[in-house]
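Read through the structure below, which is laid out as structure tokens, and then see the notes.
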Amino acid sequence: MKLYHGSRNGNLKTIKKMQAQAGEGVEVPEDELKDGIYLTPHYKYALAMAARPDGVTRINHENDTIEFENPELFNPEKEVYIYEVEVEEGVARKFDENQLVIENLDEIKPTEQHIHKAGDIEQYFELTNWKKELKNETTPEFKIK
């Protein structure tokens, strides 16, 4: 089964297990904050995870929208990476609607790496509290009548 992992790090030779963390103000039972390798079957979700700035990111999958806690930190020109991995059925367990977790491996080797700009996320999601600055558009200082 092909799965994806989004990262800001372009030098991953292996994807290592890590402790999941709840966002600020989000209550998650301790037994759900597993130490594992987090992957997703959804390419666009992996891209969202790689592209998001520090802070809480709220993704609404019904409307395909994203809201950043710190939109001023979003850099659409930043390179981000999607790692592709092949996993046998039954190795990864469903964590939530968009993620699977592998708890019995310390690391997994990606089969492929895809490079994107963080702004590519706008192909899949509307960023509700961040907009591109209008380029080459100037406001005249005075009007001629």
Side-chain angles (χ1 to χ4, degrees), residues 1-140:
M1 158 173 45
K2 184 186 298 186
L3 298 172
Y4 306 99
H5 178 83
S7 178
R8 297 177 199 163
N9 185 343
N11 299 318
L12 295 181
K13 301 293 181 225
T14 62
I15 301 168
K16 298 182 187 290
K17 74 176 0 185
M18 58 189 191
Q19 178 70 43
Q21 298 178 9
E24 190 176 313
V26 177
E27 286 193 38
V28 179
E30 280 298 315
D31 65 333
E32 289 187 21
L33 296 177
K34 300 292 183 188
D35 189 22
I37 301 169
Y38 289 83
L39 304 166
T40 180
H42 309 293
Y43 194 91
K44 72 181 189 176
Y45 185 80
L47 183 57
M49 292 296 95
R52 66 193 174 100
D54 288 340
V56 176
T57 298
R58 291 174 190 84
I59 301 175
N60 181 321
H61 294 282
E62 290 178 18
N63 299 326
D64 286 333
T65 59
I66 293 179
E67 179 182 344
F68 300 129
E69 176 183 21
N70 299 306
E72 71 280 2
L73 299 179
F74 180 69
N75 177 357
E77 295 302 315
K78 181 172 178 53
E79 279 195 348
V80 296
Y81 308 90
I82 307 299
Y83 293 94
E84 203 170 288
V85 298
E86 287 291 332
V87 177
E88 291 182 28
E89 292 288 333
V91 171
R93 152 183 96 69
K94 188 174 181 178
F95 180 72
D96 63 26
E97 289 303 311
N98 294 294
Q99 297 180 93
L100 293 102
V101 62
I102 300 174
E103 297 172 272
N104 58 349
L105 293 176
D106 289 332
E107 61 186 24
I108 191 167
K109 187 173 180 167
T111 55
E112 206 168 323
Q113 178 194 57
H114 305 276
I115 302 171
H116 288 274
K117 296 286 187 189
D120 292 349
I121 194 59
E122 289 188 287
Q123 296 172 28
Y124 303 100
F125 294 96
E126 176 190 350
L127 305 181
T128 60
N129 63 342
W130 183 91
K131 301 290 181 211
K132 285 183 188 176
E133 293 176 6
L134 298 176
K135 296 183 180 181
N136 300 324
E137 189 174 302
T138 58
T139 304

Under the 3.5 angstrom rule, does the side chain of Gln113 hit a backbone N or O of Gly10 as a donor-acceptor pair? yes
Can you tell me how far apart NZ (Lys2) and CD (Glu112) are? Round to the nearest 0.5 Å. 7.0 Å
Least distance between heavy atoms, Leu12 atom then Pro110 atom: O-CG, 4.3 Å
Answer yes or no: is there a side-chain heavy-atom contact under 4.5 Å between Tyr43 and His114? yes
Would you indicate whether Lys117, at its atom NZ, is surrounded by more than 12 heavy atoms from other residues, nucleotides or ligands within a distance under 6.0 Å? yes
Spacing of CD1 belonging to Ile59 relative to CD belonging to Glu97, to within rounding of 0.5 Å: 13.5 Å
Hey, is the main chain of Thr40 close enough, under 3.5 Å, to the side chain of Tyr45 for a donor-acceptor pair? no
So which atom in Asp54 and which in Asn70 form the shortest heavy-atom distance, rounded to 0.1 Å? O-ND2, 3.0 Å
To the closest 0.5 Å, what do you measure between CG (Leu100) and OH (Tyr38)? 11.0 Å
Supply the atom-to-atom distance Glu103 CD to Arg93 CZ, rounded to the nearest 0.5 angstrom. 4.5 Å
Say you draw a straight line from CD of Glu69 to CZ of Arg52; how long is it, rounded to the nearest 0.5 Å? 11.0 Å
Any chance CD of Glu88 has more than 12 other-residue heavy atoms, nucleotides or ligands included, within less than 6.0 Å? no
Would you mind reporting whether Ile82 and His116 have side-chain heavy atoms less than 4.5 Å apart? yes
Which heavy-atom pair separates Lys16 from Ile37 by the least distance, and what is that distance? C-CG1, 4.0 Å
Which pair of heavy atoms, one from Ile121 and one from Ala51, lies closest together, and at what distance? CB-CB, 4.3 Å
Could you measure the distance from the CD1 atom of Ile15 to the CD1 atom of Ile108? Nearest 0.5 Å is fine. 7.0 Å
Side-chain donor-acceptor pairs under 3.5 Å in residues 122-129, sequence neighbours left out?
{"from": "Thr128", "atom 1": "OG1", "to": "Ile66", "atom 2": "O", "distance (Å)": "3.2"}
{"from": "Asn129", "atom 1": "OD1", "to": "Phe68", "atom 2": "N", "distance (Å)": "3.1"}
{"from": "Asn129", "atom 1": "ND2", "to": "Phe68", "atom 2": "O", "distance (Å)": "2.6"}

Answer yes or no: is there a donor N or O on one side and an acceptor on the other, between the side chain of Asn60 and the main chain of Asn63, under 3.5 Å? yes
Between Glu84 and Tyr4, a side-chain donor and acceptor under 3.5 Å: no
